[in-house]
Amino acid sequence: MLTHPDVMGVEALAAKIRKIPHWPQDGILFHDITPVLQSPQYFRLLVDLLVYRYMNQKIDVVAGLDARGFIIGAALAYQLNVGFVPIRKKGKLPFTTVSESYALEYGHATIEMHTDALKQDSRVLLVDDLVATGGTMMAGVNLIRRMGANVVEAAAILEFTDLPGGANIRNEGVPLFTLYQNHGSIDSVGE
Ligand SMILES: O=P(O)(O)OC[C@H]1O[C@H](OP(=O)(O)OP(=O)(O)O)[C@H](O)[C@@H]1O
Ligand SMILES: Nc1ncnc2[nH]cnc12
């Protein structure tokens, strides 16, 4: 039985996220979650915090966003004892798909989901690592809703408060949960 994970550990978990200035392009402060994943202690804390939040929410399936949402989402689905649905970048899924295009902080993208991935009215938990502009998360929400399923919550480790992504998602009536909020997607280092 899971005991309540140490919520005080969230600050330390967030501090494990490595910041890389000007990557992949000038002006972006890239938030790299690989140090969290590499740490047995913090990867477990991350998954346990989310398991604890959703274990009594009657989640039918976890959907994860390509690519970092796969890592967190798959671990979460396993612990919640539900299936996992990958929402992939365009051109990767072999069966018939539904797709959504959206704008990113740096560029544009299209994501896709298999047309048979979700049952009508199913209760879906959507997972990614972070919300910047919110374009990716919102596109995932739209795909799930277009398949007639419900987004119980969209969840991520981190939300950038200097971008309107999180607010935009909530304004669309989507419940969004982020473990940590941080002002800092735009790099001021060396400017
Ligand atoms: O809120 P947004 O502005 O949409 O940005 C957030 C998205 O950007 C990153 O993924 P990316 O598209 O870089 O793909 P990756 O996971 O394959 O690196 C991140 O993992 C989120 O999915
Ligand atoms: N600043 C950032 N760091 C990591 N991933 C991102 N995706 C969009 N913006 C990002």
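One-based numbering, in listed order, for ligands and for the atoms of each.
- Contact annotation for K89 and ligand 1: only side-chain heavy atoms (C-beta onward) come within less than 4.0 Å of the ligand.
- Among D128, T136, I71, the residue whose heavy atom lies nearest to atom 21 (C) of ligand 1 is D128.
- Residue L130 places a heavy atom less than 4.0 Å from ligand 1.
- By the side chain to side chain contact (heavy atoms under 4.5 Å, CB included) test, Y78 is found to be paired with no residue, residues two or more places apart in sequence or in another chain being considered.
- Residue I28 has no N or O atom closer than 3.5 Å to an N or O atom of ligand 2.
- The side-chain heavy atoms of Q57 and L80, taken from C-beta on, include no pair separated by under 4.5 Å.
- Neither the backbone nor the side chain of D129 comes within contact range of ligand 2; no heavy atom lies under 4.0 Å.
- Here D129 has side-chain heavy atoms under 4.0 Å from ligand 1, and that is the only part of it that gets that close.
- Annotation: side chain of M138 is not in contact with side chain of N168 (no heavy-atom distance under 4.5 Å).
- Residue G83 comes nearest to A77 through the heavy atom pair O-CB, 3.7 Å, listed as atom of the first residue, atom of the second, then distance.
- For ligand 2, the atoms lying closer than 4.0 Å to a non-hydrogen atom of L29 are 1 (N), 2 (C), 3 (N).
- Below 3.5 Å of separation, one finds an N or O of A132 facing an N or O of ligand 1.
- Under 4.0 Å is where a charged nitrogen must lie from a carboxylate oxygen, and between R145 and E172 no such pair does.
- For H22 (side chain) and G27 (main-chain N/O), a donor-acceptor pair under 3.5 Å exists by modelled atom type.
- Heavy atoms of R68 found under 4.0 angstrom from ligand 2 belong exclusively to the side chain.
- For ligand 1, none of its N or O atoms has an N or O atom of M137 under 3.5 Å away.
- Ligand 1 has at least one atom lying under 4.0 Å from a heavy atom of G134.
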